[in-house]
Protein chains: 2
Amino acid sequence: MRVSTRGEYGVRAMFDLALNYGSGPIPLRTVAARQMVSETYLEQLMGALRKAGLVVSKRGAQGGYELADPPERITIGQIIRVLEGPITPLDCLDTDSGTGPYCGQPEQCVLRGLWKQLQDSMERVLDNTTLEDLRQNAIRLGVAQGQ
Amino acid sequence: MRVSTRGEYGVRAMFDLALNYGSGPIPLRTVAARQMVSETYLEQLMGALRKAGLVVSKRGAQGGYELADPPERITIGQIIRVLEGPITPLDCLDTDSGTGPYCGQPEQCVLRGLWKQLQDSMERVLDNTTLEDLRQNAIRLGVAQGQ
DNA sequence: CTCATTTCCGACTAATTTCGTCGGAATTGA
DNA sequence: TCAATTCCGACGAAATTAGTCGGAAATGAG
């Protein structure tokens with residue numbers, strides 16, 4: 001029931017970009033240093049986020065990454081799904097991957113209801129929190145300046 | 001963000017025991033066959049659940065496992081915690097294990113609030129669902145008979 | 001033009017976790 | 001006495017996680 005470092009670092013990097021939204025591309029080196037994560041590892045993650053259309057990049061000198069959309073239009077759920085796959089406690093709930101091995105009769109699967117509830121509650125949090133929400137919290141706590 | 005087979009199979013086994021609560025000890029062989037999971041693997045899981053006090057066992061012929069308490073007094077959260085450890089998206093939220101590596105200033109950690117919200121929403125579901133709730137659903141769906 | 005900066009890409013590796021299996025000892029009721 | 005059953009610890013294969021590494025390509029500044 002854990003978020004791996006992919007999700008964790010990815011959200012932190014996106015949060016960092018949100019705090020700096022509007023000031024042009026930010027090099028990964030800077031983000032990695034501020035968030036204290038490996039730059040080469042972040043590179044991997046940002047590649048995925050770029051292909052998913054959540055960030056845009058600019059190569060070369062004065063290049064870097066920035067959010068593809070304003071912070072209020074990017075949710076944590078989007079980020080997590082790109083980096084960790086579908087938000088689901090059990091594969092048999094993931095509609096994309098079809099029914100699971102023993103879930104031949106989903107309507108009879110009492111436990112499916114339980115896991116579905118769990119999934120819904122997770123998605124409710126992650127899909128209703130935007131980077132802007134986090135930015136506002138940062139401002140309120142006074143940790144947004146200087147970045 | 002997945003429940004591993006430990007949690008999944010464990011919940012299924014406990015659900016099976018709940019459906020049969022009151023009829024004396026049930027041998028693992030029976031539970032494993034009904035739930036279509038490996039018997040030797042289940043053995044491992046039941047050992048943990050027994051040590052945690054969620055089931056009681058009886059060795060030898062006519063032995064087996066039964067719930068240590070009535071189904072309405074055992075929650076899914078209890079089962080998951082025994083088999084998967086603390087319910088927390090990030091280790092830094094787990095009060096037992098102290099603060100995480102970069103969370104030296106938890107009050108400044110904006111993201112901590114997000115992960116805490118996620119944790120709360122997961123625990124709300126898992127700690128408020130009992131085996132009896134599942135049993136009632138099974139009865140309502142007509143899948144409880146014969147077990 | 002050149003050069004430092006920076007993204008981009010794919011392959012590789014080490015560590016950890018997951019998902020079990022296996023052999024045998026101990027207990028117990030028939 | 002014997003079959004059924006839990007109990008226990010060690011073992012192992014496969015998958016996942018968490019990165020590293022080397023180098024190619026692009027680009028702005030001087």
Side-chain angles (χ1 to χ4, degrees), chain A residues 1-13 17 24-33 35-68 80 82-86 89-91 100-102, chain B residues 1-13 17 24-33 35-68 80 82-86 89-91 100-102:
Chain A
M1 307 290 289
R2 307 284 154 90
V3 170
S4 76
T5 56
R6 285 178 64 88
E8 184 191 351
Y9 296 175
V11 168
R12 278 163 68 190
L17 293 184
I26 314 284
L28 258 201
R29 180 179 308 274
T30 310
V31 176
Q35 299 298 324
M36 288 182 288
V37 302
S38 147
E39 184 184 343
T40 57
Y41 189 35
L42 251 199
E43 228 175 66
Q44 261 191 38
L45 308 184
M46 294 309 286
L49 292 168
R50 181 181 54 81
K51 283 175 189 161
L54 298 187
V55 297
V56 291
S57 62
K58 189 168 190 184
R59 292 172 134 197
Q62 273 63 48
Y65 291 90
E66 53 189 323
L67 299 184
I80 295 286
V82 168
L83 298 173
E84 311 232 353
L90 246 57
D91 279 336
Y102 47 80
Chain B
M1 305 289 288
R2 306 285 152 90
V3 170
S4 77
T5 56
R6 284 178 65 87
E8 184 192 352
Y9 295 175
V11 168
R12 279 164 67 189
L17 292 183
I26 314 283
L28 258 201
R29 180 178 308 272
T30 310
V31 176
Q35 298 298 323
M36 288 181 289
V37 303
S38 147
E39 183 183 342
T40 56
Y41 189 37
L42 250 198
E43 227 174 67
Q44 260 190 38
L45 309 184
M46 294 309 285
L49 292 168
R50 181 181 53 80
K51 283 176 190 159
L54 297 187
V55 298
V56 291
S57 62
K58 189 168 189 183
R59 292 173 132 198
Q62 273 64 49
Y65 291 89
E66 53 189 323
L67 298 184
I80 295 287
V82 169
L83 297 173
E84 311 232 352
L90 247 57
D91 278 336
Y102 48 81

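In the text below, chain A, chain B and the rest are named by the order of the sequence lines, each starting its count at 1.
Mapping B:Gln62 and A:Ser4 onto DNA chain D by nearest heavy atom places B:Gln62 at the nucleotide closer to the 5' end. Looking at which nucleotide of DNA chain C each of A:Gly60 and B:Glu43 is closest to, the 5′-most match is held by A:Gly60.
What separates CD of B:Glu39 from C1' of D:dT5 is a distance of 9 Å, to the nearest Å. The distance from atom CG of A:Asp91 to atom P of C:dC19 is 11 Å, rounded to the nearest whole Å. If you measure from atom CG of A:Leu90 to atom P of C:dC19, you get 11 Å, rounded to the nearest angstrom. Distance CD (A:Glu66) to P (C:dT7): 12 Å, rounded to an integer number of Å. With rounding to whole Å, A:Met46 atom CE is found 14 Å from C:dC9 atom P. At whole-Å resolution of the value, NZ in A:Lys58 and C1' in D:dA25 are 16 Å apart. The separation between B:Leu42 atom CG and D:dT5 atom P is 15 Å, rounded to whole Å. If you measure from atom CG of B:Leu83 to atom C1' of C:dT18, you get 13 Å, rounded to the nearest angstrom.
Applying the 3.5 Å distance criterion, the base of C:dT21 shares a donor-acceptor pair with the side chain of B:Gln44.
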From CA spacing to verdict: side-chain contact (heavy atoms from CB on, under 4.5 Å), B:Arg2, A:Asp91 = CA-CA 8 Å; B:Arg2 306 285 152 90; A:Asp91 279 336; 2.9 Å; yes

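Side-chain N/O atoms of B:Tyr9 include one lying less than 4.0 angstrom from OP1 or OP2 on C:dG20. Listed pair A:Arg50 / C:dC9 meets the phosphate criterion, a side-chain N or O lying under 4.0 Å from OP1 or OP2. Of the side-chain N and O atoms in A:Tyr41, none sit less than 4.0 angstrom from OP1 or OP2 of C:dT13. Applying the 4.0 Å criterion to OP1 and OP2 of D:dA4, one finds that B:Arg29 has every side-chain N and O outside that range. Within the 4.0 Å cut-off from OP1 or OP2 of C:dG20, not a single side-chain nitrogen or oxygen of B:Thr40 is found. For the OP1/OP2 pair of D:dT17 and a distance below 4.0 Å, the side-chain nitrogens and oxygens of A:Arg6 include no atom meeting the criterion. Considering only side-chain N and O atoms, A:Ser38 lies under 4.0 angstrom from the phosphate OP1 or OP2 of D:dT20.
Without hydrogens or angle criteria, B:Glu84 side chain to B:Ser4 main chain gives a donor-acceptor distance under 3.5 Å. Within the 3.5 Å criterion, the main-chain N or O of B:Tyr9 finds no donor-acceptor partner in the side chain of B:Gln35.
For the atom pair A:Glu66 CD and A:Ile26 CD1, the distance stands at 7.5 Å (nearest 0.5 Å). Between atom CG of residue B:Leu45 and atom CZ of residue B:Arg12 there is a gap of 11.5 Å, rounded to the nearest 0.5 Å.
For B:Ala61, the side-chain atoms get nearest to C:dT28 when compared with the rest of D:dT6, C:dT7, C:dT28. Of the candidates C:dT6, D:dG28, D:dA26, D:dA26 carries the atom nearest the A:Arg59 side chain, counting heavy atoms from C-beta on.
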